[in-house]
Amino acid sequence: QVQLVESGGGLVQAGDSLTLSCAASGRTFSSSAMGWFRQVPGDEREFVAAISGSGATTYHADSVKGRFTISRENAKSRMYLQMNSLKPEDTAVYYCAARSGSFARTKPGDYDWWGQGTQVTVST
């Protein structure tokens with residue numbers, strides 16, 4: 001079992017930056033690939049970024065490529081999402097996810113554990 005706790009969400013203006021953090025416990029952190037997803041009411045959960053267990057491989061959705069960066073610190077059992085040049089369309093609840101394998105994946109169904117989510121709101 002893995003417990004995931006997100007933090008760092010909030011209300012910001014368009015163009016601002018924000019860093020989300022995900023603290024993990026309950027499993028050897030480096031053995032789990034991790035991901036960030038987001039969801040707005042009425043829509044499906046959307047892939048944002050993913051990172052392999054070692055951190056060597058990352059994927060970013062086209063909608064955030066060049067603005068968001070996923071990273072992890074295995075020694076601290078933490079994952080991050082640095083979000084720059086935020087846009088109103090980035091407004092969503094952001095979820096941290098972990099999977100039992102070490103290869104990064106981009107589909108929600110590939111992940112086994114989820115955090116409770118943190119709200120990010122970007123105003124114009």
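Remember, it's a predicted structure, so these values are computed and weren't measured experimentally.
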Donor-acceptor pair, side chain of Thr28 and main chain of Ser30, under 3.5 angstrom: no
Residue pairs involving residues 115-124 (criterion side-chain hydrogen bond (donor to acceptor under 3.5 Å, both in side chains); sequence neighbours excluded): Glu6-Gln116, Gln119-Thr121
Enclosure of Glu44 CD (heavy-atom neighbours >12, cutoff 6.0 Å): no
Shortest non-hydrogen contact from Ala104 toward Ala50: CB-CB, 4.0 Å
Sidechain-backbone polar pair: Gln39 side chain, Asp43 backbone, donor-acceptor under 3.5 Å: yes
Residues Lys65, Asp62: salt bridge by 4.0 Å N-O rule: yes
Which atom of Gly115 lies closest to which atom of Tyr95, heavy atoms considered: O-CD2, 3.6 Å
Asp90 side, atom CG; Ser63 side, atom OG - distance, nearest 0.5 Å: 7.5 Å
Under the ring-ring contact (aromatic ring centres under 6.0 Å, His included) test, residues paired with Phe37 that sit two or more places apart: Phe47, Tyr111, Trp114
Interatomic distance, Ser25 atom OG to Gln3 atom CD [nearest 0.5 angstrom]: 4.0 Å
From CD (Gln82) to OG1 (Thr69), nearest 0.5 Å: 7.0 Å
Residues Glu46, Arg38: salt bridge by 4.0 Å N-O rule: yes
Residues that, via side-chain heavy atoms closer than 4.5 angstrom, fall in one hydrophobic cluster with Tyr94: Val2, Leu4, Val12, Leu18, Leu20, Phe29, Met34, Trp36, Val48, Ile51, Val64, Phe68, Ile70, Met79, Leu81, Met83, Leu86, Trp113, Val120, Val122
With Lys107 via side chain to side chain contact (heavy atoms under 4.5 Å, CB included) - residues at least two apart: Asp110
For Asn84 against Ser17, the heavy-atom pair lying closest together: OD1-OG, 2.9 Å
Approximate separation, where rounding is to 0.5 Å, of Ser71 OG and Arg78 CZ: 11.5 Å
Selection residues 76-124 - residue pairs positive for disulfide bond (SG atoms under 2.5 Å apart), sequence neighbours left out: Cys22-Cys96
Polar side-chain atom of Arg105 near backbone of Gly109 as donor-acceptor pair, under 3.5 Å: no
Residues that Ser102 engages under side chain to side chain contact (heavy atoms under 4.5 Å, CB included), provided they are two or more places apart: none
Side-chain donor or acceptor of Arg72 paired with backbone N/O of Ser52 under 3.5 Å: yes
Donor on one side chain, acceptor on other, Arg99 and Ser32, under 3.5 Å: no
Derivation and outcome, side chain to side chain contact (heavy atoms under 4.5 Å, CB included), residues Lys87 and Arg67: CA-CA 10 Å; Lys87 304 175 181 180; Arg67 300 188 299 121; 3.8 Å; yes
